[in-house]
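Notes follow the structure.
Note that these values count all heavy atoms, side chains included, but never hydrogens, waters or copies made by symmetry.
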Amino acid sequence: QKEVEQNSGPLSVPEGAIASLNCTYSDRGSQSFFWYRQYSGKSPELIMFIYSNGDKEDGRFTAQLNKASQYVSLLIRDSQPSDSATYLCAVRGGSQGNLIFGKGTKLSVKP
Amino acid sequence: DVKVTQSSRYLVKRTGEKVFLECVQDMDHENMFWYRQDPGLGLRLIYFSYDVKMKEKGDIPEGYSVSREKKERFSLILESASTNQTSMYLCASSDDVDLYGYTFGSGTRLTVV
């Protein structure tokens, strides 16, 4: 069974700090990696994707991928209270091409 | 922007009822998916479809069926609703999962009493 693991949290950071969210995956053949943000009671929305080893930056968000370690992370710089949400890591690795999701890390940014 | 529309935001149904959850996307995506999301269990794949009239079982298909008669519409059917099917149901679509991941609908919170 292919798995995606995340620390459930909650992860609490002060406003303006860097939030670091981590994810590991079991399928070494996985090629595409996604981060979704889900506010309470809402559906997930895509915020970042990464395919290659290294870092990918988009505004305050940086995704990091290390395929050798089967590890992907999301950094949120200058965290804001509006970043408080659950962050889902997703990996394309299902037997028929679907995404496999971690259970999510709940982030709380304190003013 | 791609829009994925789920017809109901909240539904309350009785045990034993046949329940239809509708999902429509407006971007001609071939790939459509149904998940349920439960606290502590995360997102679990129920069924998916890569083409019209095509369907594949996901990880938890028991008690569900699907229909895809038109490319834009993917329906989830609970043949005989049970209380353990109380959940948030999320529909998603994608043009290319590798490149774009999924776009989710707003979800249907189903309560079976």
CD of A:Glu5 to CG of A:Asn22, rounded to nearest 0.5 Å, is 12.5 Å
Can you tell which part of A:Gln38 gets under 4.5 Å to a heavy atom of chain B, answering side chain, backbone, both or neither?
side chain
Out of B:Gly101, B:Gly42, B:Gly107, which one racks up the most heavy-atom pairs below 4.5 Å with chain A?
B:Gly101
Bottom line for B:Tyr102: the part with an atom under 4.5 Å from chain A's heavy atoms is both
Lys NZ or Arg CZ of A:Lys56 over A:Phe49 ring: under 6.0 Å, within 45°:
yes
For B:Leu99, is it the side chain, the backbone, both, or neither that has a heavy atom closer than 4.5 Å to a heavy atom of chain A?
both
Pair B:Ser106, B:Gln6: side-chain N/O donor-acceptor within cut-off below 3.5 Å:
no
Using salt bridge (charged side-chain N to carboxylate O under 4.0 Å, His left out), reason through B:Asp98 and A:Arg92 one step at a time and then give a plain yes or no.
CA-CA 7 Å; B:Asp98 261 326; A:Arg92 187 186 184 280; 3.4 Å; yes
The interface call for B:Arg9 against chain A, heavy-atom contacts under 4.5 Å, is side chain
Taking side chain as everything from C-beta outward and backbone as N, CA, C, O, which of these in B:Tyr35 sits under 4.5 Å from a heavy atom of chain A? Side chain, backbone, both or neither.
side chain
Can you label the angle between the B:Phe104 ring and the A:Tyr36 ring as parallel, tilted or perpendicular, going by 30° and 60°?
perpendicular
